[in-house]
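Predicted model only: the values in this text are computed from it and were never measured.
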Amino acid sequence: MVGWIIPIFVGLILVYSVSWFTGDKNYSGVETRDDERSQLIKMKSIVGSWIFLLMILLIRFVIDLFNLNQLTITFKFPELLYLILLVSSYFVYYWVYSRRLSSNDK
């Protein structure tokens, strides 16, 4: 009974989180009240976090390709680690870009 409710619930969370992360109501119809500057900051943060994750994956691939993993830590769920890295790098990039693109100059 509960087995089919969980994927639907997780899917709805993912759909609504896209509009929150991007600040655009065209994706799921959620009103975010973001102006163009904050939407630009969110878009730049998304791009920066995905590039960071791709760099991590490329470094991991090169380490495995040349068999340099003598001291590599193994994880039971590496996908969870990559997801945590992706979301945390999004918030770091969001903080950096919001400070860099702040509207009040000091």
Task: Which residues share a ring pair (Phe, Tyr, Trp, His ring centres under 6.0 Å) with Y97, sequence neighbours left out - done: none

Open item on the list: In the structure I gave you, are the side-chain heavy atoms of I6 and V10 within less than 4.5 Å of one another anywhere?
Closed with: yes

Open item on the list: Could you see if F75 belongs to whatever hydrophobic cluster contains I84? Use Ile, Leu, Val, Met, Phe, Trp, Tyr and a side-chain cutoff under 4.5 Å.
Closed with: no

Open item on the list: Same cluster or not: F61 versus L68, using hydrophobic residues (I, L, V, M, F, W, Y) connected whenever any side-chain heavy atoms lie under 4.5 Å apart?
Closed with: yes

Tell me which donor-acceptor pairs under 3.5 Å the side chains of residues 46-53 have, and how far apart each pair is, sequence neighbours excluded?
from: S49; atom 1: OG; to: S45; atom 2: O; distance (Å): 3.1
from: S49; atom 1: OG; to: I46; atom 2: O; distance (Å): 2.9

TODO: Using a 4.5 Å cut-off on heavy atoms from C-beta on, say whether the side chain of R60 contacts that of Y82.
DONE: yes

Open item on the list: Is there a continuous path of hydrophobic side-chain contacts, each under 4.5 Å between heavy atoms, that joins L81 to Y90?
Closed with: yes

Task: V87 reachable from I41 in the ILVMFWY side-chain graph, under 4.5 Å edges - done: yes

Open item on the list: Tell me whether F9 shares a hydrophobic cluster with L83, the cluster being built from Ile, Leu, Val, Met, Phe, Trp, Tyr side chains joined at under 4.5 Å.
Closed with: no

Task: Point-to-point distance, once rounded to the nearest 0.5 Å, from OH of Y94 to CZ of R99 - done: 13.5 Å

Task: Value rounded to 0.5 Å, distance of CG in L65 from CD1 in I63 - done: 11.0 Å

Open item on the list: For the OG atom of S89 and the CE atom of M55, what is their distance to the nearest 0.5 Å?
Closed with: 10.0 Å

Task: From CG (L86) to CG (L54), nearest 0.5 Å - done: 9.5 Å

Open item on the list: Rounded to the nearest 0.5 Å, what separates atom CG in L57 from atom CG in L85?
Closed with: 9.0 Å

- [ ] Taking the side chain as every heavy atom from C-beta outward, state whether L101 and K44 have any atom pair closer than 4.5 Å.
- [x] yes

